[in-house]
Amino acid sequence: QVQLVESGGGLVQSGGSLRLSCAASGFSLDYNAIGWFRQAPGKEREGVSCISSSDGSTYYADSVKGRFTMSRDNAKNTVYLRIHSLKPEDTAVYYCATDYNDVCTVLAHIRPNLEVWGQGTLVTVSS
């Protein structure tokens, strides 16, 4: 069964850090890019980061650049999103997703019929 499972969310004070995990099963991250998205209350979902499997390159939205770091552990079939200097506006449900491509087309929803999403993990940042 193909599945993505996020974990690591929680309540954290402004300025703190968190590491979110996205564990894949049923397919290999060796060949599939993974994107991280977030949806804040009352707002549309936005893509914040992605890591390709073709060359390990990463992408970050301008709103998170410099504070978010994405990495991948192929042995564990897991990707991580490290978030530093958390701000209240980072409060959101964070999701990981793939569209079975080795580059980050998932961020642009180019292959929507192939997308697989996790259930999300809630990050709440208190001021």
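None of these values were measured; they are calculated from a predicted model. Computation of the quantities below employed the complete heavy-atom set of this structure, encompassing side-chain atoms and omitting hydrogens, waters and symmetry-equivalent molecules.
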Q | Heavy atoms from other residues, nucleotides or ligands near NZ of K76 exceed 12 (cutoff 6.0 Å) | A | no
Q) Linking I/L/V/M/F/W/Y whenever any side-chain heavy atoms sit under 4.5 Å apart, do V2 and L114 land together? A) yes
**Q.** Donor-acceptor contact present, side-chain S49 to main-chain Y59, <3.5 Å
**A.** yes
Q: May I ask you to decide if V125's main-chain N or O and T91's side chain share a donor-acceptor pair within less than 3.5 Å?
A: yes
Q. So, the side chain of D90 versus the backbone of K87: is there a donor-acceptor pair under 3.5 Å, distance only?
A. yes
**Q.** Nearest atoms (heavy-atom pairs only) where S52 meets C104
**A.** N-SG, 3.9 Å
Q: Write down the atom of D99, the atom of E115, and the distance for their closest heavy-atom approach.
A: CB-CG, 4.0 Å
Q: Classify the side-chain pair N74/R72 by whether it contains a donor and acceptor separated by less than 3.5 Å.
A: yes
Q) Can you hop from V64 to Y95 via hydrophobic side chains spaced under 4.5 Å? A) no
**Q.** Side chain T98, main chain V116, donor-acceptor under 3.5 Å
**A.** no
**Q.** Any donor-acceptor pair under 3.5 Å from N77 side chain to F27 backbone
**A.** yes
Q.
Test side chain to side chain contact (heavy atoms under 4.5 Å, CB included) on R45 and R38; report intermediate values, then the result.
A. CA-CA 5 Å; R45 187 174 58 196; R38 67 183 180 184; over 6 Å; no
Q | Where S63 and E46 come nearest, the two heavy atoms and their spacing | A | OG-OE1, 4.0 Å
Q: Return yes if some donor-acceptor pair links the side-chain N/O of S57 with the main-chain N/O of D55 below 3.5 Å, else return no.
A: no
Q: Look up atom CD in Q39 and atom OH in Y94, then write down how far apart they are to the nearest 0.5 Å.
A: 12.0 Å
Below 3.5 Å, can you tabulate the donor-acceptor pairs from side chains in residues 8-26 to any protein atom, sequence neighbours excluded?
residue : atom : partner : partner atom : Å
S14     : OG   : L86     : O            : 3.4

Q) About how many Å separate CD1 of I34 and CG of L81, when rounded to the nearest 0.5 Å? A) 12.0 Å
Q) Are any side-chain N or O atoms of R111 and backbone N or O atoms of Y100, one a donor and one an acceptor, separated by less than 3.5 Å? A) yes
Q.
When you group the ILVMFWY residues by side-chain heavy-atom contacts below 4.5 Å and let the links chain together, are V123 and V79 in the same group?
A. yes
Q. When rounded to the nearest 0.5 angstrom, what is the spacing between CH2 in W36 and OG1 in T121?
A. 7.5 Å
Q | Residues in ring-ring contact (aromatic ring centres under 6.0 Å, His included) contact with F37, at least two apart in sequence or another chain | A | H109, W117
Q: Would you give the length of the straight line joining atom CG of N101 to atom OG of S53, rounded to the nearest 0.5 angstrom?
A: 8.0 Å
Q) In Å, rounded to the nearest 0.5 Å, how long is the span from NE2 of H84 to CZ of F68? A) 10.0 Å
Q. Looking only at atom types and distance, does a side-chain atom of Y60 sit under 3.5 Å from a main-chain N or O of M70, one as donor and one as acceptor?
A. yes
